[in-house]
Amino acid sequence: QVQLVESGGGLVQPGGSLRLSCLASENIFSRYTMGWYRQAPGKQRELVATITSGGSTRYADSVKGRFTVSRDNAKNTVDLQMNSLKPEDTAVYYCNARLQVLATRAIDYWGQGTQVTVSS
């Protein structure tokens, strides 16, 4: 089973930057789409960014132009560079790995999350 561990969260002032990293327990980048999700207090978990095995990326409208997702196959990691952070970015950020095994079925693995707090 794939295990994911996030790191890099913390407290940052508005306008600041953080870089989150997700380490996988095995080499999954040849097959899995990797993603970052977040959940703020009182809100549903939402997609932040994804990056496919082919390197295609997708971002939530709220983070476009500010966040960048990338992967490093050699290190077996996926990162999320977050710039120009806003208070509304405050949330627990989760790493996700998805394997599409069928057209109608996918297998998802989740990290335990890392807290990002944007506040002055």
Side-chain angles (χ1 to χ4, degrees):
Q1 182 175 339
V2 174
Q3 292 184 314
L4 307 172
V5 180
E6 304 97 332
S7 63
L11 175 65
V12 65
Q13 293 186 340
S17 298
L18 282 175
R19 188 177 184 89
L20 306 183
S21 183
C22 174
L23 175 65
S25 61
E26 59 188 77
N27 190 348
I28 61 174
F29 296 104
S30 63
R31 297 173 289 127
Y32 284 77
T33 292
M34 305 299 298
W36 287 95
Y37 292 72
R38 67 186 182 187
Q39 186 166 25
K43 295 185 177 181
Q44 295 183 357
R45 186 174 297 187
E46 65 175 351
L47 183 147
V48 176
T50 61
I51 181 167
T52 69
S53 59
S56 298
T57 59
R58 180 164 63 93
Y59 299 91
D61 289 341
S62 60
V63 306
K64 285 181 179 177
R66 300 189 297 121
F67 291 9
T68 302
V69 64
S70 61
R71 63 170 69 199
D72 188 328
N73 288 351
K75 296 180 178 180
N76 211 29
T77 58
V78 58
D79 291 357
L80 183 69
Q81 178 65 47
M82 305 185 294
N83 299 324
S84 302
L85 284 162
K86 304 174 181 179
E88 46 264 51
D89 294 319
T90 296
V92 176
Y93 284 70
Y94 297 91
C95 181
N96 167 261
R98 168 168 286 194
L99 175 65
Q100 198 74 41
V101 294
L102 293 170
T104 57
R105 181 173 183 259
I107 298 175
D108 286 290
Y109 297 96
W110 296 90
Q112 294 192 151
T114 185
Q115 177 70 48
V116 172
T117 302
V118 184
S119 177
S120 59

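Glu6 contributes a side-chain N or O that, together with a main-chain N or O of Gly113, makes up a donor-acceptor pair within less than 3.5 Å. One N or O on the side chain of Arg71 and one on the backbone of Thr52 form a donor-acceptor pair closer than 3.5 Å.
Of the inter-residue distances, the one linking Gln115 atom CD with Thr90 atom OG1 reads 7.5 Å to the nearest 0.5 angstrom. One finds the CG atom of Leu47 at 11.0 Å from the OH atom of Tyr59 (value rounded to the nearest 0.5 Å). Within the model, atoms OG of Ser119 and CG of Leu85 stand 12.0 Å from one another, a figure rounded to the nearest 0.5 Å.
Among all heavy-atom pairs drawn from Val78 and Ser70, the shortest one is CG2-O, 3.1 Å.
Criterion: ILVMFWY side-chain heavy atoms under 4.5 Å apart, direct or through other members. Under it, Met34 and Val2 are part of a common hydrophobic cluster. Clustering ILVMFWY residues whenever any of their side-chain heavy atoms sit less than 4.5 angstrom apart, transitively, puts Ile107 in the very cluster that holds Ile51. Trp110 is connected to Val92 through a chain of hydrophobic side-chain contacts under 4.5 Å among Ile, Leu, Val, Met, Phe, Trp and Tyr, so both are in one cluster. In the hydrophobic clustering of this structure, Tyr94 does not group with Tyr109; members are Ile, Leu, Val, Met, Phe, Trp, Tyr whose side-chain heavy atoms approach within less than 4.5 Å, directly or through other members.
Listed by first then second residue, pairs satisfying ring-ring contact (aromatic ring centres under 6.0 Å, His included) with a partner in residues 62-87 number zero, not counting sequence neighbours. Applying the salt bridge (Lys or Arg N to Asp or Glu O under 4.0 Å) test to pairs two or more places apart or on separate chains, those with a residue in residues 97-116 are Arg98-Asp108. Each side chain to side chain donor-acceptor pair (under 3.5 Å) pair with one or both residues in residues 7-18, not counting sequence neighbours, appears once here: Ser17-Asn83.
With sequence neighbours excluded, no residue forms a salt bridge (charged side-chain N to carboxylate O under 4.0 Å, His left out) with Arg58. Shown here are the side chain to side chain contact (heavy atoms under 4.5 Å, CB included) partners of Leu23, two or more places apart in sequence or in another chain: Thr77.
Counting non-hydrogen atoms of other residues, nucleotides and ligands closer than 6.0 Å to CD of Gln3 gives a total of 12 or fewer. Residue Gln100 qualifies as enclosed at atom CD: its count of foreign heavy atoms under 6.0 Å is above 12.
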Could you pull out all donor-acceptor pairs under 3.5 Å where a side-chain atom in residues 35-46 meets a protein atom, sequence neighbours excluded?
from: Arg38; atom 1: NE; to: Glu46; atom 2: OE2; distance (Å): 2.7
from: Arg38; atom 1: NH1; to: Asp89; atom 2: OD1; distance (Å): 2.9
from: Arg38; atom 1: NH1; to: Tyr93; atom 2: OH; distance (Å): 2.9
from: Arg38; atom 1: NH2; to: Glu46; atom 2: OE2; distance (Å): 3.3
from: Arg38; atom 1: NH2; to: Ser62; atom 2: OG; distance (Å): 3.4
from: Gln39; atom 1: NE2; to: Lys43; atom 2: O; distance (Å): 3.2

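Tested against Leu80 for a side-chain contact (heavy atoms from CB on, under 4.5 Å), the candidates Thr68, Val48, Val116 yield a single pass: Val48.
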